[in-house]
Amino acid sequence: MVTTALPYANGPVHIGHLAGVYVPADIYTRYLRLKGEDVIMIGGSDEHGVPITLKAKAEGVSPQDVVDRYHNIIKKSFEDFGISFDIYSRTSSAIHHQTASDFFRTLYDKGVFIEKTSEQYYDQEAHQFLADRYITGTCPHCKNEHAYGDQCEACGTSLNATDLINPRSAISGSTPVMRETKHWYLPLDKYEDFLRQWILEGHKEWKPNVYGQCKSWLDMGLQPRAVSRDLDWGVPVPVEGAEGKVLYVWFDAPIGYISNTKELLPDTWEKYWKDEETKMVHFIGKDNIVFHCIVFPTMLKAEGSYILPENVPANEFLNLEGDKISTSRNWAVWLHEYLEEFPGKQDVLRYVLTANAPETKDNDFTWKDFQARNNNELVAILGNFVNRAMVLTRKYFAGKVPVCGTMTEYDTQTLEDFKNIKKELESFIETYRFRDALKEAMNLARIGNKYLADTEPWKLAKTDMNRVGSILNLSLQIAANLAIAFEPFLPFSAGKLRKMLSMPQCDWNRLGDTDILPEGLQLGQAELLFEKIEDAVVEAQIQKLLDTKKANELKNYTPQPAKANISFEDFTRMDIRVGQVLEAERVPKTTKLMKLKIDTGIDRRTVVSGIAEHFTPEEVVGRQVSILVNLEPRKIKGIESQGMILMAENADGKLVFVQPSAEVKNGSQVR
RNA sequence: GGCGAGAUAGCUCAGCUGGUUAGAGCGCAUGAUUCAUAAUCAUGAGGUCGAGGGUUCAAGUCCCUCUCUCGCUACCA
């Protein structure tokens, strides 16, 4: 049984999700199916939790509306992309609510949970407890007045809601009060010995990143974790006196794997979850390691009747054009958009994401690389070889598989080269090394190209047609092998290829054979498997990325609220002058600081300013600027700064000098 | 300055528990070739494995120090 991390239904799916989870899981599953194994692939949307309720609130719609929207987009795009789920369901379904509820109740009845009462902020007007995100207030560190209960976005410090000065409810705006609330905790610490044994002793074969992270968690010591929250969106806690409480989203989400299996196989689902013979594999990203290796197994163990995962092949992250993928910054290639803009090119993306998969460390996706891999590998190596074999066969044998005569020594030598491809592919795939597996499959096409180049059937056609027949027969058999080898990776193209080769079945066990296509078989219509991608196309994608990013930044820009009024007195105390930059140099070992020598008209002084990311020293020398001259001097990086240059900051973070619109004398006052 | 990750051919990266002349793909150069979506095939160019030190019979691979790069965070008066 293969499970894939449940994508969170507050946005569409992007290439990072695909590369990390869904493409590898799909390759693995398709491979097992081809081998005739009894395998199911389980997926679904994760639809509970605070961020969805916040999004719903911001848009003025219900949480259900939000999850409906994204669930449908995600589901559709997975289908179109060829991720072959046996079921893709969702955690807002009735069957999931029932399953999660029962699961909790079972643990509850067994006395697994610890009940603890703690004090939490409560909104008396809205009559509900407030999650950390729902509380705003003044940050105790930087005095930012718009800090959240879990984090201050101005200074980046993570906070407890109780740290905030002047806390306010984000729902009603009222001042919340502390009130007692009861929650249930899963005592992970009690399972530490079991986990230690199971993972550290029993699963040394797990990927180093997974094993390492588990080890570090176990070494730090585990704490009980709350499994419930005060919220009205989610699976209600099925216990008396738990009104207004739901299961915490990390508790309910992995149970989604079980619910979805139930939905798929109402009668036989237990075979997959409770039979020791079943191998369960969780495909996830690195952010999910702890939940799938520590928390969920503990839940399953505590319940008692479930099996534990056999492996958790977590991938690292994929970056995009050198930058982290980010939903909120819109720095992503969205799957549903890709499918629209590159119709019929699912396999190109599948190929690129696999060839460059973040299996051992974070990797970078670039459109240039996408183009290069398509043009130089898919088109030039794979597509071209198939096309050569097809065209030659059509030309000399009217598109029928020719008779294979006696093999030359060279033929058998070529065969040797790909005899063991099956074994190698299997060993790579079964150890989750899909990048290497794909490379191996590609090598088969290279062997084909080399074979044609070395035997030169187009020359022999003038003298020895029998020999040409043997060569093409073997070439076509290689093509047939390609159709099988690529089936898990590039299902669309492999299907197309099989159609061209009149190969109705795809039987993995025939991989490596050289009699897959019978002699005399009439081949289908030849068509190109892949087509070149022009420069303009990828340039447009890069431009689009930059544009949407910019647009998004501007859209998200909200002017800071006005500060409290000050008196005229206060204003006149500030002495702002027009000055001129005489010298400028970067401050060593800093990224943003520049040291400036300013002629203020009154004197010449040194000012340190954080503009080095936006201007070079040459650009600023000679410029007139506005400068606050009577600011208390301050040492920055050991340099005394005597004043402040006034800058305007644009929505995209770019700085602009505030300077007079016409030249004035240095020292002129700004009032 | 703090925390985390990293530094291997022009580029993107492999190199597991230390062991023969350090690898792949792409790019580049030269040659071959024309069946093929100017695609293919061959050959090659020599990277002091960031620097220095240490452990060892033996280190890209282990230890220490330093430098640099990339994230996040200070510094933006």
Side-chain angles (χ1 to χ4, degrees), chain A residues 141-142 155-158 204-205 207-209 216 286 316-317 319 322-324 352 355-366 368-369 371-396 431 433 435-436 438-440 442-443 445-461 468 471-472 475 526-534 574 587 589-595 607-614 627-647 649 653 655:
Chain A
H141 301 282
C142 70
C155 70
T157 325
S158 54
K204 290 185 192 288
E205 82 284 5
K207 291 174 66 167
N209 56 338
S216 99
K286 69 175 170 186
E316 301 289 299
F317 284 156
N319 292 326
D323 237 340
K324 248 189 214 163
V352 174
N356 192 28
E359 287 178 5
T360 50
K361 60 170 194 173
D362 290 1
N363 266 347
D364 200 20
F365 175 94
T366 65
K368 250 190 88 186
D369 181 61
Q371 180 194 25
R373 286 192 187 275
N374 178 75
N375 292 356
N376 302 333
E377 297 176 28
L378 288 178
V379 174
I381 311 280
L382 177 56
N384 185 38
F385 168 68
V386 169
N387 192 236
R388 295 171 85 182
M390 290 297 291
V391 168
L392 286 167
T393 306
R394 188 177 55 205
K395 189 163 169 186
Y396 298 129
T431 50
R433 294 163 65 185
R435 204 168 48 186
D436 290 331
L438 184 63
K439 206 175 206 175
E440 201 54 45
M442 207 60 185
N443 276 339
R446 291 181 204 277
I447 290 172
N449 275 320
K450 182 169 158 51
Y451 180 70
L452 282 180
D454 289 346
T455 53
E456 298 181 311
W458 50 91
K459 278 190 181 165
L460 292 172
V468 174
I471 292 168
L472 290 183
S475 300
E527 51 178 322
L528 298 179
L529 283 182
F530 305 99
E531 56 189 21
K532 286 205 152 205
I533 292 173
E534 301 300 329
M574 292 200 294
V587 179
K589 299 202 164 215
T590 64
T591 48
K592 298 183 179 177
L593 297 184
M594 199 183 285
K595 181 177 154 189
V607 174
V608 177
S609 184
I611 58 173
E613 281 183 317
H614 304 278
I627 173 171
L628 181 62
V629 294
N630 62 336
L631 189 65
E632 193 79 27
R634 175 140 171 186
K635 272 206 171 174
I636 300 164
K637 284 278 162 200
I639 304 163
E640 186 171 85
S641 180
Q642 303 157 313
M644 175 170 173
I645 310 285
L646 303 187
M647 307 292 295
E649 185 175 4
L655 295 179

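Chain letters run A, B, ... following the sequence lines, proteins first and then strands; every chain starts at 1.
One P atom belongs to A39(B), the other to G46(B), and the distance between them is 27 Å to the nearest Å. With both ends at atom P, the span from U37(B) to G23(B) equals 37 Å, rounded to whole Å. Rounded to a whole angstrom, the distance from the C1' atom of U67(B) to that of A42(B) is 43 Å. Rounded to a whole angstrom, the distance from the P atom of U43(B) to that of A24(B) is 11 Å. Using atom C1' as the reference point in both C64(B) and C26(B), the two lie 38 Å apart (nearest Å). C41(B) sits 13 Å from A36(B) when the C1' atoms are compared, rounded to a whole Å. Across G6(B) and U61(B), the matching P atoms stand 14 Å from one another, rounded to whole Å. Taking atom P on both nucleotides, G2(B) is separated from C62(B) by 24 Å, rounded to a whole Å.
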**Prompt:** Can you give one letter per nucleotide of nucleotides 36-44 of chain B, going 5' to 3': B for a protein heavy atom under 4.0 Å from the base, S for sugar-phosphate only, - for none?
**Reply:** BB-SSSS--
**Prompt:** Passes side chain to side chain contact (heavy atoms under 4.5 Å, CB included), N374(A) versus V379(A)? Steps please.
**Reply:** CA-CA 6 Å; N374(A) 178 75; V379(A) 174; 3.9 Å; yes
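Separation of atoms CD (Q371(A)) and CD (E534(A)) is listed at 8.0 Å; rounding is to 0.5 Å. Taken to the nearest 0.5 Å, the CD1 atom of I471(A) stands 10.5 Å off from the CG atom of D454(A). Taking CG from L472(A) and CZ from R394(A), the interatomic distance works out to 12.5 Å, rounded to the nearest 0.5 Å.
No side-chain heavy atom of N449(A) sits less than 4.5 Å from a side-chain heavy atom of R446(A).
The nearest whole Å value for the distance from the CG atom in D369(A) to the P atom in G25(B) is 16 Å. Note: NZ (K439(A)) to C1' (U12(B)) measures 10 Å, nearest angstrom. Between N443(A) atom CG and A24(B) atom P there is a gap of 12 Å when expressed in whole angstrom units. Atoms CG (L392(A)) and P (U34(B)) sit 13 Å apart, rounded to a whole Å. Here the C1' atom of nucleotide C75(B) and the CE atom of M644(A) are 14 Å apart, to the nearest Å. Regarding E440(A), its CD atom lies at a distance of 13 Å from the C1' atom of G25(B), rounded to whole Å. Across the protein-nucleic acid pair, R435(A) atom CZ and U12(B) atom P stand 14 Å apart, rounded to whole Å.
RNA chain B contains the following stems of three or more consecutive Watson-Crick or G-U pairs, with both distances under 3.5 Å: B:1-7 with B:67-73, B:10-13 with B:23-26, B:28-32 with B:40-44, B:50-54 with B:62-66.
Between Y396(A) and W458(A), the shortest heavy-atom contact is OH-CA, 3.6 Å. Scanning both residues, S475(A) and L452(A), for their nearest heavy atoms gives OG-CD2, 3.4 Å. Across all their heavy atoms, I381(A) and A445(A) have their closest contact at CG2-CB, 3.9 Å. For the residue pair T393(A) and A389(A), the shortest heavy atom distance occurs at OG1-O, 2.7 Å. The shortest heavy-atom contact between R435(A) and A357(A) is NH1-O, 3.1 Å. Between A355(A) and L438(A), the shortest heavy-atom distance links the atoms N-CD2, 3.7 Å.
Nearest-nucleotide positions on RNA chain B place A372(A) closer to the 5' end than the other of K459(A) and A372(A).
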Distances under 3.5 Å between nitrogen or oxygen atoms of protein and nucleotides 5-11 of chain B:
none

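Applying the 90° cutoff around 0 to the glycosidic angle, A74(B) is assigned syn.
The closest donor-acceptor contact from the side chain of N375(A) to the backbone of A380(A) lies at 3.5 Å or more, if one exists at all.
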